[in-house]
Amino acid sequence: MVARALLGRVLVCERSRTRLVARIVEVEAYGGARDPASHAFHGCSARNAVMFGPPGHAYVYFTYGLHHCVNVVCGREGAAAAVLLRALEPLAGEGLMRRRRGMRDHDRLLRGPGCVAQALGLSREHDGADLVSGPVWIADASPCREGRALASGPRIGVRAGAGRAWRFWLAGHPCVSGTRAENGGPLPR
DNA sequence: GTATCGATTAGC
DNA sequence: CTAATCGATACA
């Protein structure tokens, strides 16, 4: 599954002079038209059209009137499958991320899907961006999981389609979002 | 048309 | 627990 393959990989953002680099530590998979939790469940629209396009592009949506969330389209054209980037570990460009986020805590700069988009400066205008050719891309290098096990559990914040354990994260990583319960039992980090 | 609810987050 | 705040969806 693409979601698991993304964990430990590195996202690079070269949209400004400052080069941002971050390791993907938590993701959620969304299955397209047959997944009731997916934005694609109700069919193609202006908002989610990118999901129905070719893989390797960014699906960026606006929600709750104030947040953006970033997905990687990963299914064949028409499948509308996507992986939501829920949390990353800052590796380079922390100064710019801190400025955008208005906070200093390293572990929380990219913790939570809304925070990811804010720290990276991504919004609806980046909807459809090609994540292979850049300027925002996912490095093709071997994923570095820092020796951590892969954990999985139910997706956060979804009602319909709960029951599918389609959230994946690096066990015990300090930058992963969610509560103790959501991270699967005691001693999560 | 109006009502309701989000793939959320920060703050009390 | 709640406000913030817009758009998509549900319903009359």
Side-chain angles (χ1 to χ4, degrees), chain A residues 1-7 11 22 24-53 55 57-75 79-90 97-129 131 136 138 151-170 174-184 188-189:
Chain A
M1 175 183 275
V2 176
R4 278 185 282 250
L6 283 173
L7 285 177
L11 183 139
I24 299 169
V25 299
E26 179 188 1
V27 297
E28 278 175 0
Y30 286 86
R34 292 154 309 288
D35 175 9
S38 171
H39 289 168
F41 185 66
H42 300 285
C44 187
S45 67
R47 178 203 199 192
N48 65 14
V50 170
M51 289 179 90
F52 290 81
H57 291 248
Y59 165 48
V60 184
Y61 67 87
F62 182 60
T63 189
Y64 287 99
L66 63 164
H67 299 298
H68 292 274
C69 298
V70 183
N71 295 254
V72 180
V73 177
C74 61
V83 173
L84 172 69
L85 301 182
R86 281 199 62 91
L88 298 86
E89 172 192 355
M97 296 184 201
R98 286 196 176 100
R99 230 172 299 139
R100 286 172 169 163
R101 293 271 295 115
M103 56 94 72
R104 305 155 258 313
D105 185 347
H106 167 93
D107 291 351
R108 295 191 177 183
L109 288 178
L110 297 161
R111 183 183 164 156
C115 302
V116 169
Q118 184 180 35
L120 298 177
L122 299 176
S123 61
R124 274 297 276 175
E125 59 188 296
H126 304 99
D127 187 48
L131 294 176
V136 182
I138 295 167
S152 65
R155 294 172 291 185
I156 293 179
V158 306
R159 297 166 66 82
R164 290 169 165 92
W166 284 359
R167 171 175 172 247
F168 305 92
W169 68 95
L170 299 187
C175 297
V176 169
S177 75
T179 65
R180 185 166 43 234
E182 288 162 336
N183 284 331
R189 60 176 77 105

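Fair warning: this is a prediction, and the values are worked out from it, not measured in the lab. Note: hydrogens, waters and symmetry copies are ignored here, and every other heavy atom, side chains too, is used. Throughout, protein chains are lettered first and strands after them, A, B, ... in sequence-line order, and every chain is numbered starting at 1.
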A:Tyr59 six-ring centre to A:Arg47 NZ/CZ under 6.0 Å and within 45° of normal: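 No, A:Arg47 does not sit over the ring of A:Tyr59.
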For nucleotides 10-12 of chain B, tabulate all protein N/O to nucleotide N/O atom pairs closer than 3.5 Å, reporting atom names and distance.
{"unit_1": "B:dA10", "atom_1": "OP1", "unit_2": "A:Arg101", "atom_2": "NH1", "d": "2.8"}
{"unit_1": "B:dA10", "atom_1": "OP1", "unit_2": "A:Arg101", "atom_2": "NH2", "d": "3.0"}

Between A:Ser177 and A:Arg111, do the side chains contain an N or O donor and an N or O acceptor separated by less than 3.5 Å?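 Their side chains do not contain a donor-acceptor pair, so the 3.5 Å distance test is not met.
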Looking just at side-chain N and O atoms, do A:Gln118 and A:Arg100 make a donor-acceptor pair shorter than 3.5 Å?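 Checked: A:Gln118/A:Arg100 side chains show no N/O donor-acceptor pair below 3.5 Å.
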Could you give me the CA-CA distance, side-chain angles and deciding distance for A:Leu11 and A:Leu88, then say whether side-chain contact (heavy atoms from CB on, under 4.5 Å) is met? CA-CA 9 Å; A:Leu11 183 139; A:Leu88 298 86; 4.0 Å; yes
Could you state the [atom1]-[atom2] distance from [X] to [N], rounded to the nearest angstrom?
X	N	atom1	atom2	answer
A:His42	B:dC5	NE2	P	14 Å
A:Ile156	B:dT9	CD1	C1'	13 Å
A:Glu26	B:dT8	CD	P	10 Å
A:Met51	C:dA8	CE	C1'	14 Å
A:Leu85	B:dT8	CG	C1'	15 Å
A:Tyr61	B:dG6	OH	P	13 Å
A:Leu66	C:dA3	CG	C1'	10 Å

Under 4.0 Å, counting only non-hydrogen atoms across every strand here, what does A:His39 touch: a base, just sugar-phosphate, or nothing?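 The answer is base, as A:His39 lies within the cut-off (heavy atoms under 4.0 Å) of a base atom.
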Which part of the nucleic acid does A:Phe62 contact within heavy-atom distance under 4.0 Å: base, sugar-phosphate only, or nothing? sugar-phosphate
Less than 4.0 angstrom between a side-chain N/O of A:Arg47 and OP1 or OP2 of C:dG7, yes or no? no
Using ring pair (Phe, Tyr, Trp, His ring centres under 6.0 Å), reason through A:His39 and A:Tyr61 one step at a time and then give a plain yes or no. CA-CA 10 Å; A:His39 289 168; A:Tyr61 67 87; 4.5 Å; yes
Taking only Lys NZ, Arg NE, NH1 and NH2, and the carboxylate oxygens of Asp or Glu, determine whether A:Glu28 and A:Arg155 approach each other closer than 4.0 Å. no
Classify the side chain of A:Tyr64 versus the base of C:dA4 as yes if they form a donor-acceptor pair under 3.5 Å and no if they do not.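 Not at all, since no donor on one side and acceptor on the other fall under 3.5 Å apart.
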